[in-house]
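Some notes on the structure that comes next.
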Amino acid sequence: MTFISLQYALFLLVLLAAYWSVPLQWWRLFIMLVGSLIFYASLQIWYIPLLLVSIVFNYCLAMAIGEPLDWRIANASWNRRRLWLLWIGIALNVLLLLGFKYVPFVLNSIGTLLNWPVALDSANWVKTHVIAPLGLSFFCFECISYLIDVYRGAPAATSLLHFAAYKLFFAKLISGPITRYHNLIYQLKSQSFPTPDRISEALWTIAFGAVKKGLFADNLGIYVDLSFTNLQRAGSEDLWLAIFAYGLQLYLDFSGYVDMARGTALLLGWYLPPNFDFPYFTTSIGDFWRRWHMTLGDWLRNYLYFPLGGSRVGLWRTCLNLFTVMLIAGVWHGAAWGFIVWGALHGLALALHRLTDVTFKRLRIEFLWENPIGMAIAWLLTQAMVFSSWIFFRLPDLKDSGWAISHLWGHPADVQFANKVYVEALGLDRVQLAWILAAVAAAMLLNYGFNRILKVELNWPIKLVLVPLCFYAVWLLAPEGGLPYIYFDF
């Protein structure tokens with residue numbers, strides 16, 4: 001069951017009817033919890049016991065970490081015990097993540113480095129027989145942030161139902177957005193049946209996300225997959241087109257998922273935080289990371305960057321902190337050297353941006369970037385860095401990504417590649433495909449202009465009229481069966 005499916009539509013209708021038919025919040029949370037378990041069971045039923053055990057463990061551990069009711073026992077020994085419990089919780093959540101996602105990578109690296117066939121065979125066995133639970137990275141990061149928040153003084157959950165409903169909320173369970181327990185559960189105090197304008201906003205958000213995912217991302221994904229699975233036959237022009245197409249696909253796929261998750265939450269009376277804010281129209285890598293995967297960026301800042309000292313420890317230490325955080329972000333995205341290189345490149349870019357920003361301010365020449373020409377150059381440099389680094393994201397095997405980079409210039413395509421990909425699969429030539437990609441980028445620019453520059457917003461009756469048209473367009477033009485969500489792998 002995925003967001004773009006008839007099964008999900010029926011599931012959501014039944015869940016909404018049951019959810020809003022009961023007046024008590026306790027029963028609503030219970031219904032949402034049962035619905036979440038059904039949703040996850042439709043994807044990976046065998047991992048539900050593991051998630052439930054992890055939820056109970058983190059719930060009990062947070063209760064032990066929380067501030068004592070009697071202030072007389074809040075002494076140095078008690079605080080040391082709380083700190084030890086916090087580190088145990090963090091370690092076990094990290095080990096859970098490492099155990100499922102990174103064991104093959106570690107064994108492969110050791111086996112290759114030491115020429116140890118046993119390690120390589122073990123890595124292949126684990127990779128073949130062990131599939132990581134969907135959404136495990138998001139699940140573990142939320143558990144870690146919850147434990148740290150409780151240690152810092154936020155109240156621990158007093159109801160296992162509240163905590164389990166938060167952790168398993170199906171709208172965000174698989175691919176986020178990453179949410180904090182206290183931000184979500186406090187909404188219970190003011191929760192009410194959504195008004196007509198809020199219902200229209202929710203349906204419009206779901207429909208808009210479905211268009212992003214089904215109509216644009218999945219169709220772009222067909223070309224991207226064909227290009228990168230036939231990498232050795234692609235020419236330089238094909239690689240550039242595929243890289244640009246993948247950058248658009250990744251954004252539209254993930255932001256489309258988040259839109260549908262946020263729209264679903266609105267229908268249930270919940271508000272999930274936004275995850276994207278037009279990141280491809282930023283003029284610095286720092287601003288890009290404030291507007292790309294925003295909830296992950298917020299998590300990295302609050303639970304890694306600030307504890308490392310943030311920007312309060314001197315310029316060079318700040319640069320090191322930025323590099324370290326992005327390196328960890330790369331590891332979080334996947335168990336492959338390509339993700340590590342991707343994180344390192346973004347870390348270096350953030351450090352370089354910080355150095356140049358400080359230098360320009362000291363020399364009082366920051367005005368060079370504040371005029372239209374300077375902003376255009378800054379935008380071009382930022383997006384060139386972002387899109388070129390997507391190579392390692394899409395091709396995490398360094399042999400493949402290295403081959404792609406070495407063939408970005410002056411390499412002709414195989415005749416069979418052009419025939420199979422453009423003629424037989426797409427029915428287009430390179431120029432026509434380039435115009436389509438430009439049209440998609442222009443549509444994103446138009447959306448950005450209406451939202452951020454003109455600040456024009458459709459009223460709710462118009463949105464209700466457009467909703468069925470969007471769904472019909474997706475049903476008519478989306479690839480049959482659809483493509484998997486990219487961030488399901490992370």
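Heavy-atom basis, side chains included; hydrogens, waters and symmetry copies ignored. Counting begins at 1 with the first residue of the sequence.
With ring centers used as reference points, Y40 lies 6.0 Å or more from Y47. Ring centers of F276 and F254: under 6.0 Å apart, within the cut-off. Ring-centre distance between W390 and W292: below the 6.0 Å cut-off. Y280 has its ring centre no less than 6.0 Å from the ring centre of Y448. Under the 6.0 Å cut-off for aromatic ring centres, W332 and F339 do not qualify, their centroids lying 6.0 Å or more apart.
Residues H346 and W289 bring a donor and an acceptor atom of their side chains to less than 3.5 Å of each other. Between the side chains of Q383 and T282, at least one donor N or O sits under 3.5 Å from an acceptor N or O. The closest side-chain donor-acceptor pair between T264 and Y8 falls under 3.5 angstrom. Of the N and O atoms on the side chains of Y251 and H293, not one donor lies less than 3.5 Å from an acceptor on the other residue. Neither side chain, S145 nor D149, offers a donor N or O lying under 3.5 Å from an acceptor on the other.
The pair K212-D218 does not meet the salt-bridge criterion, since no charged nitrogen lies less than 4.0 angstrom from a carboxylate oxygen. One finds no salt bridge joining R262 and D259 here, because no Lys/Arg side-chain nitrogen approaches an Asp/Glu carboxylate oxygen to under 4.0 Å. Classification of R290 and D277 as a salt-bridged pair fails, no side-chain N sitting under 4.0 Å from a carboxylate O. A salt bridge does not link E142 to R180: none of the charged side-chain nitrogens sits closer than 4.0 Å to a carboxylate oxygen.
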Step by step, work out the side chain to side chain contact (heavy atoms under 4.5 Å, CB included) result for M260 and I4.
CA-CA 9 Å; M260 289 183 279; I4 305 181; 3.8 Å; yes
Before you tell me yes or no, could you show the steps for Y487 and H333 under side-chain hydrogen bond (donor to acceptor under 3.5 Å, both in side chains), namely the whole-Å CA-CA distance, both residues' side-chain angles and the distance that decides it to 0.1 Å?
CA-CA 9 Å; Y487 261 75; H333 276 90; 3.0 Å; yes
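Within 6.0 Å of CH2 in W475 there are 12 or fewer heavy atoms belonging to other residues, nucleotides or ligands.
Taking F450 as the reference, nothing meets the ring pair (Phe, Tyr, Trp, His ring centres under 6.0 Å) condition, with sequence neighbours excluded.
In this structure, F193 and W20 have perpendicular ring planes: the angle between them is above 60°, well past the 30° mark.
A side chain to side chain contact (heavy atoms under 4.5 Å, CB included) with Y246 is found for one member of I391, I486, L220 and no other, namely I486.
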